Amino acid sequence: MKVDFLWGGAVAANQIEGAWREGGKGISTADCMTRGSLTQKRVYTDGVLPGFEYPSHEASDFYHHYKDDIRLLGEMGFKCFRMSIAWTRIFPQGDEEQPNEQGLAFYDSVFDECLKWGIQPVVTLSHFEMPYNLVKKYGSWLNRKTIDFFIRYCETVFKRYRNKVKYWLTFNEINFMSFHPETGSGLRDLTKPQVYQAVHHMLVASAKVVHLGHMINPSFQIGMMMAYPLSYPENCRPENVLQQMRDMDVHYYYADVQVRGAYSSKAKKFWKRESAAPVMENEDPKILREGCVDFIGFSYYQTNVSSVEKNRARAEGNMTGGIRNPYLQKSEWGWQIDPVGLRIALNTLYDRYQKPLFIVENGLGANDVLEKDGSVHDPYRIDYLRAHIEQIKLAVEEDGVDLMGYTPWGCIDLVSAGTGEMKKRYGFIYVDKNDDGTGTMERYPKDSYYWYKKVIASNGEVLE
Ligand code: BG6
């Protein structure tokens with residue numbers, strides 16, 4: 001791997017910070033998401049209501065533990081740490097003229113701590129949350145005004161952290177953001193035209209932010225972030241191959257705009273077929289053209305199968321499930337594990353866009369056990385990550401893919417976005433916090449912590 005390869009891990013503010021009302025923070029959409037489970041969906045409530053459990057309110061309490069947490073990451077040898085800024089710490093209601101200094105000071109301290117350990121922050125500007133007030137008062141991304149509020153927030157943090165943060169991502173998993181309540185847009189039950197409209201506003205916002213960031217600091221590297229649920233045709237029946245192409249087109253819709261600066265001709269056909277063309281301003285094509293990203297960040301957890309056949313067995317997955325693939329094992333939460341698929345994903349994305357790639361999420365959610373002596377034995381996680389890193393190396397060294405870094409998801413245990421559970425753990429670092437609210441919040445390095453430390457130290461050579 002390149003000498004400056006960014007080995008690290010990833011988290012998101014609403015899933016790790018807690019302290020939902022401290023430091024002047026406002027209520028975010030993520031604060032209104034109840035706890036769920038594999039069988040019970042999370043609910044987005046109309047504000048924070050009595051009688052519901054909201055896991056983001058305390059989460060892993062990174063807000064009060066960040067120094068120790070970053071020290072543990074530093075001791076593991078992290079080169080980078082992907083995290084997000086909670087918009088509501090900076091603009092609590094979203095529509096204020098002036099930012100909240102306490103929120104800005106908090107992230108100053110977090111970034112200083114990272115830099116002290118030689119860790120580059122990789123910062124997501126919007127990870128599955130936004131000010132609840134913007135949803136209530138303005139209608140979230142359906143309203144073009146939200147673009148201006150977002151720009152004001154981004155301009156504030158770009159200027160404040162221009163010498164501390166080089167790597168930025170605009171919207172986390174933008175291809176899921178507008179459809180699923182757990183992704184924080186606060187929008188539900190949208191019609192097709194509304195989906196395209198909300199997405200258009202987000203794409204314009206993203207492009208404006210990229211352009212602005214480059215003006216503020218030309219050395220900023222600003223990426224997009226999509227979930228990449230690669231799909232395979234069920235077999236060589238041409239209709240299934242066509243279906244696979246159609247299933248992937250849904251995801252390229254976003255990346256095409258963010259990387260190439262314009263909607264594809266196919267996107268325009270979608271609008272026509274569905275009578276759903278978004279309303280655009282005259283300047284929008286120019287904005288999109290001028291706001292192309294520097295790199296493509298993506299999450300990769302599992303693959304799916306595409307088929308026109310009915311009644312296929314189903315599998316769970318990241319936001320969307322899919323058809324069961326008989327060749328793959330599944331995680332405890334039913335996600336299909338496919339390391340080779342990651343090599344295919346890297347090749348496909350690189351062939352299509354010819355832009356540097358960054359795997360900003362990958363990992364295994366599992367129910368870990370904290371032993372009496374403070375150890376956590378997670379060989380399944382080591383196996384999962386090893387198999388994926390092997391494929392990454394093949395993609396880079398054999399296939400020539402340009403890859404900037406790798407940040408496995410939830411490097412410190414945190415709240416699951418999909419289910420709201422703590423027990424679905426991804427971390428190298430165990431957080432003693434249970435779904436029933438018990439636990440000491442103490443941190444314990446798992447076996448995978450020591451394993452990944454060796455991986456980083458050897459730049460991916462030692463995987464045993
Ligand atoms: C991605 C998100 O969808 O997958 C993360 O960007 C999320 O926020 C991760 O946590 C894993 O999903 P889950 O549902 O297991 O938390």
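Residues: numbered from 1 along the sequence shown. Here the structure is a predicted model, which means the values were calculated and not measured. Read the numbers this way: they start at 1 and go in the same order the structure lists the ligands and their atoms.
Considering only non-hydrogen protein atoms, atom 16 (O) of ligand 1 sits nearest to Ala417 N, 2.7 Å. Taking atom 9 (C) of ligand 1 as the reference point, the nearest protein heavy-atom neighbour is Tyr301 OH, 3.3 Å. Ser416 OG, 3.4 Å is the protein heavy atom nearest to atom 13 (P) of ligand 1. When hydrogens are left out, the protein atom nearest atom 10 (O) of ligand 1 is Gln15 NE2, 2.9 Å; that is the closest non-hydrogen contact. With hydrogens left out, the protein atom closest to atom 14 (O) of ligand 1 is Gly418 N, 2.7 Å, a heavy atom. Looking only at heavy atoms of the protein, atom 2 (C) of ligand 1 is closest to Glu361 OE1, 3.3 Å. Protein heavy atom nearest atom 11 (C) of ligand 1, with residue, atom name and distance: Tyr426 OH, 3.5 Å.
The 12-atom threshold is exceeded at NZ of Lys2, counting heavy atoms of other residues, nucleotides or ligands nearer than 6.0 Å. Within a 6.0 Å sphere centred on NZ of Lys423, other residues, nucleotides and ligands contribute 12 heavy atoms or fewer.
Counting heavy atoms under 4.0 Å from ligand 1, residue Trp409 touches it through the side chain alone. Looking at Leu414 against ligand 1, nothing comes within 4.0 Å, counting heavy atoms.
Between Phe128 and ligand 1, no N or O atom pair is found at a separation short of 3.5 Å. Below 3.5 Å of separation, one finds no N or O of Met225 facing any N or O of ligand 1.
Ligand 1 lies within reach of Trp335, whose nearest heavy atom is under 4.0 Å from it.
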Step by step, would you call Val360 with Trp409 a side-chain contact (heavy atoms from CB on, under 4.5 Å)? CA-CA 7 Å; Val360 294; Trp409 175 248; over 6 Å; no
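Contact record, Gln102 with Gly24: OE1-N, 3.9 Å, taken as the closest heavy-atom pair. When every heavy atom of Val110 is checked against every heavy atom of Ile70, the shortest pair comes out as O-CD1, 3.8 Å. Here the closest non-hydrogen pair linking His214 and Asp294 is NE2-OD2, 2.7 Å.
Taking the six-membered ring where the residue is Trp, the centroids of Trp87 and Phe150 are separated by under 6.0 Å.
Ligand 1 places these atoms under 4.0 Å from at least one heavy atom of Asn172: 2 (C), 6 (O). Listed by atom number, the atoms of ligand 1 under 4.0 Å from Lys424 heavy atoms are 13 (P), 14 (O), 15 (O).
A cation-pi arrangement is found for Arg89 relative to Phe106, the charged atom lying closer than 6.0 Å to the ring centre and inside a 45° cone about the ring normal. A cation-pi geometry, defined here as NZ or CZ lying under 6.0 Å from the six-membered ring centre and within 45° of its normal, holds between Arg352 and Tyr252.
Evaluated by nearest non-hydrogen atom to atom 3 (O) of ligand 1, the leading choice among His127, Glu316, Glu173 is Glu173.
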Side-chain atoms of residues 198-207: list all donor-acceptor pairs with protein atoms under 3.5 Å, sequence neighbours left out, distances to 0.1 Å.
unit_1	atom_1	unit_2	atom_2	d
His200	ND1	Tyr263	OH	2.8
His200	NE2	Asp284	OD2	2.8
His201	ND1	Trp141	O	2.7
His201	NE2	Gln197	NE2	3.1
Ser206	OG	Thr170	OG1	3.1
Ser206	OG	Gln258	NE2	3.0

